[in-house]
Asks: 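Structure below; questions to follow.
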Amino acid sequence: PPQTVTATAGGAHDLKRRREDLTVLIDHGWQLRQKDWSKQPGTNYFNFIADPADFPQYEAMTPPEQMKTFNKELQDLGWRGLGVWVRGQVSLPEMETFVKWSKHAGVTYWKIDGGDTEQFLAMQAKNKHYPELIMEHAHAPGHFNANTDVPDAEEYPSTFAAGESNAARTLRNLKNTDVIRVYDVAPHLITPTTIQRINDILLQTNGDSSYTAIINTQDLPYVSMAMGTSIASKRHPNYMERTWKGRDLHHQLEDDRMMQFSMNEVERLGRWSRIAMPIPVGVGSYLRSENYLVDHYTHDAYSTWNRSTYGKKLYQGAPAIMVRNMPLPTVEADAEGNVPYVMASTYPNGATAIATEPRVTDKRKVWFPRAGVTAKLHDASKVIGVAGHYGSLTLEFAGSLDSVTHVWAQDLLDVKSEDIISKVKISGNKLTIPGKLIDRIGTAAKDEGDLSAPGMVIRLCLLYTSDAADDNR
């Protein structure tokens, strides 16, 4: 229940490490609901008064003190702080009041889950009173993209694609807010549905700096890392806490990759955010491969609350390779001819992140094809993030690697690194890392029983000469 969020058994105790990198956002249902709002600012879903039925400990406090107390309780547990959910529309004076309350409380994030996209009053208020406050806006596109019943469609476009129902207003939002959420998706096909939405937006904003917002996606930490987005993670470790007919029931998390046992990848993304922050959608370039992958899954009552999908095999697809600010990698299929989804981005500060995501079919459920991936990077002196499973990963740089003296690698959750230079192959300007080594290093600091895919960082140590510096920087 909500009143136990910060109690000993509450959700704020779910992640054990790296809480300082993450904001706890209290979602739908936390506010007061009443019939008459003539004496208080707000509406039933756009107000900043905690519901006393759920938060009796705050009932005697003023609204700004409620939020300040809640925020402090979270920070005392190690979190970055509190974010809040709202929906709908209120007046500019009310927005200014709520922004001032948020500043008093130290609240740093608003999730506006529909509404306020005509005049962007929340942005006006925060720019005036509290510029550090981050605003997120959204237009709900549904849990699937198009063509769910077509097994071999050329593409599975989302409502964010050019000419589709959400395209024009999303582009407008991307110029007028801080964050755009591409919204919830059904968890079994979460990867193709989500990355297709990212693709549909980036194709339209590519290289146009007037689009200043970042993308917020569903719960895919390594996609976020490799595509320069933020995420809204809804996973928790409380498996079998809510059941139906003897099975765990959670329509946001029902997935054969077992998200509830994969908490470490969220913590790893938090660590990555210290290295590189999300990239605005108009910054730099975007490329996608011509090769397109299609996954499928037969849904039932555990898969989603969308009853119309029960008993149906649904299809979703996305580009096989997607990159920002770098060339497209090459991907060599595994022995069975299969490839994963591959994503990579070079961030404005020079760091690069590369990730693979699994495939999904009825027969094999969730699996990672162990492909050979080769990515071209320019600067050998910068941090490289690697996530997912590989047959091998080859990093191809602009110049020779003859001056490399160490290859330091560590799990993003670890506090110590290992020199793996004797375990990798260096030839000319290429460095190849075996997939099994990525598996070991990238999970070295995992929690016992955690099923997260590997997530690691690499740093090359070069003995610089003027020629090596010119070639690799």
Asks: Anything under 30° is parallel, anything over 60° is perpendicular, the rest tilted; go ahead and classify F70 against Y58.
Replies: tilted
Asks: Is E418 reaching over with its side chain to a backbone N or O of W408, donor-acceptor style, under 3.5 angstrom?
Replies: no
Asks: Who passes salt bridge (Lys or Arg N to Asp or Glu O under 4.0 Å) against D439, sequence neighbours left out?
Replies: R370
Asks: Output yes when K312 and D149 qualify as a salt bridge under the 4.0 Å nitrogen-oxygen rule, no when they do not.
Replies: no
Asks: Atom CG in L203, atom CG in L287: separation rounded to 0.5 Å?
Replies: 9.5 Å
Asks: Say you draw a straight line from CE of M326 to OG1 of T346; how long is it, rounded to the nearest 0.5 Å?
Replies: 4.5 Å
Asks: Drop me the distance from F144's CZ to S308's OG, to the nearest 0.5 angstrom.
Replies: 8.0 Å
Asks: Quick one: which of I354, I321, L377 gives a side-chain contact (heavy atoms from CB on, under 4.5 Å) with P329?
Replies: I321
Asks: Quick one: do R274 and D21 make a salt bridge, cutoff under 4.0 Å?
Replies: yes
Asks: Between the side chains of D208 and T205, is a donor N or O closer than 3.5 angstrom to an acceptor N or O?
Replies: no
Asks: Could you list the residues that satisfy ring-ring contact (aromatic ring centres under 6.0 Å, His included) with H139, not counting sequence neighbours?
Replies: none
Asks: According to salt bridge (Lys or Arg N to Asp or Glu O under 4.0 Å), who are the partners of R459, at least two apart in sequence or on a separate chain?
Replies: none
Asks: Are Q204 and D200 linked by a side-chain donor-acceptor pair shorter than 3.5 Å?
Replies: no
Asks: I'd like to know if the side chain of R197 reaches the main chain of T217, judged simply by a donor and an acceptor atom lying under 3.5 Å from each other, with no hydrogens or angles considered.
Replies: no
Asks: Roughly how far, to the nearest 0.5 Å, is the CG atom of D256 from the CE atom of M258?
Replies: 8.5 Å
Asks: For the pair E265 and R257, find out whether any cationic side-chain nitrogen is under 4.0 Å from an anionic carboxylate oxygen.
Replies: no
Asks: In terms of side-chain heavy atoms, does Q218 have a donor or acceptor partner in Q252 at a distance below 3.5 Å?
Replies: yes
Asks: Taking atom OG1 of T194 and atom CD of Q316, what is their separation to the nearest 0.5 Å?
Replies: 9.5 Å
Asks: Can you check whether Q34's main-chain N or O pairs, donor with acceptor, with N44's side chain at less than 3.5 Å?
Replies: yes
Asks: Which of these, H251, H188, R247, sits in a side-chain contact (heavy atoms from CB on, under 4.5 Å) with Y302?
Replies: R247
Asks: Please enumerate all residues that pass side chain to side chain donor-acceptor pair (under 3.5 Å) together with N147, with sequence neighbours excluded.
Replies: none
Asks: R33: which residues meet the salt bridge (Lys or Arg N to Asp or Glu O under 4.0 Å) condition with it, sequence neighbours left out?
Replies: D51
Asks: Between D295 and R359, is there a donor-acceptor pair closer than 3.5 Å when you use the side chain of the first and the backbone of the second?
Replies: no
Asks: Taking D116's backbone N and O only, do any of them form a donor-acceptor pair with H137's side chain (distance below 3.5 Å, no angle check)?
Replies: yes
Asks: So that I can tick it off, tell me whether R17 and D447 are bridged by a salt bridge, with the cut-off set at under 4.0 angstrom between side-chain N and carboxylate O.
Replies: yes
Asks: Check the orientation of F48 and W101. Use parallel for under 30°, tilted for 30 to 60°, and perpendicular for over 60°.
Replies: perpendicular
Asks: Do we get R307 above Y310's six-membered ring, with its NZ or CZ under 6.0 Å from the centre and within 45° of the axis?
Replies: no
Asks: Any carboxylate oxygen within less than 4.0 angstrom of a Lys/Arg side-chain nitrogen, looking at K16 and E267?
Replies: no
Asks: Indicate whether the side chain of Y109 and that of E136 have a donor and an acceptor atom separated by less than 3.5 Å.
Replies: yes
Asks: Taking R18 for its side chain and L413 for its backbone only, find out whether a donor-acceptor pair lies under 3.5 Å.
Replies: yes
Asks: Please find out if less than 6.0 Å separates the ring center of H28 from that of Y45.
Replies: yes
Asks: Which one of V373, T356, I384 satisfies the side-chain contact (heavy atoms from CB on, under 4.5 Å) criterion with L393?
Replies: V373
Asks: So, Y315 side chain and Y156 main chain: donor-acceptor pair closer than 3.5 Å or not?
Replies: no
Asks: For the pair N206 (side chain) and Y286 (backbone), establish whether a donor and an acceptor sit closer than 3.5 Å, ignoring hydrogens and angles.
Replies: yes
Asks: Roughly how far, to the nearest 0.5 Å, is the CG atom of L249 from the CE atom of M240?
Replies: 10.5 Å
Asks: Is a donor from one side chain sitting under 3.5 angstrom from an acceptor on the other, for E94 and S91?
Replies: yes
Asks: Please check: side-chain N/O of S233 versus main-chain N/O of D219, any donor-acceptor pairing under 3.5 Å?
Replies: no
Asks: I'd like to check the ring-ring contact (aromatic ring centres under 6.0 Å, His included) partners of W37; sequence neighbours left out, ordered by chain and number.
Replies: none
Asks: Verify, without hydrogens or angle tests, whether R19 (side chain) and H13 (backbone) share a donor-acceptor contact under 3.5 angstrom.
Replies: yes
Asks: Ring centroids only, cut at 6.0 angstrom: are W30 and F55 within range, meaning strictly under it?
Replies: no
Asks: Can D178 and K126 be counted as an ion pair, charged N to O under 4.0 angstrom?
Replies: yes
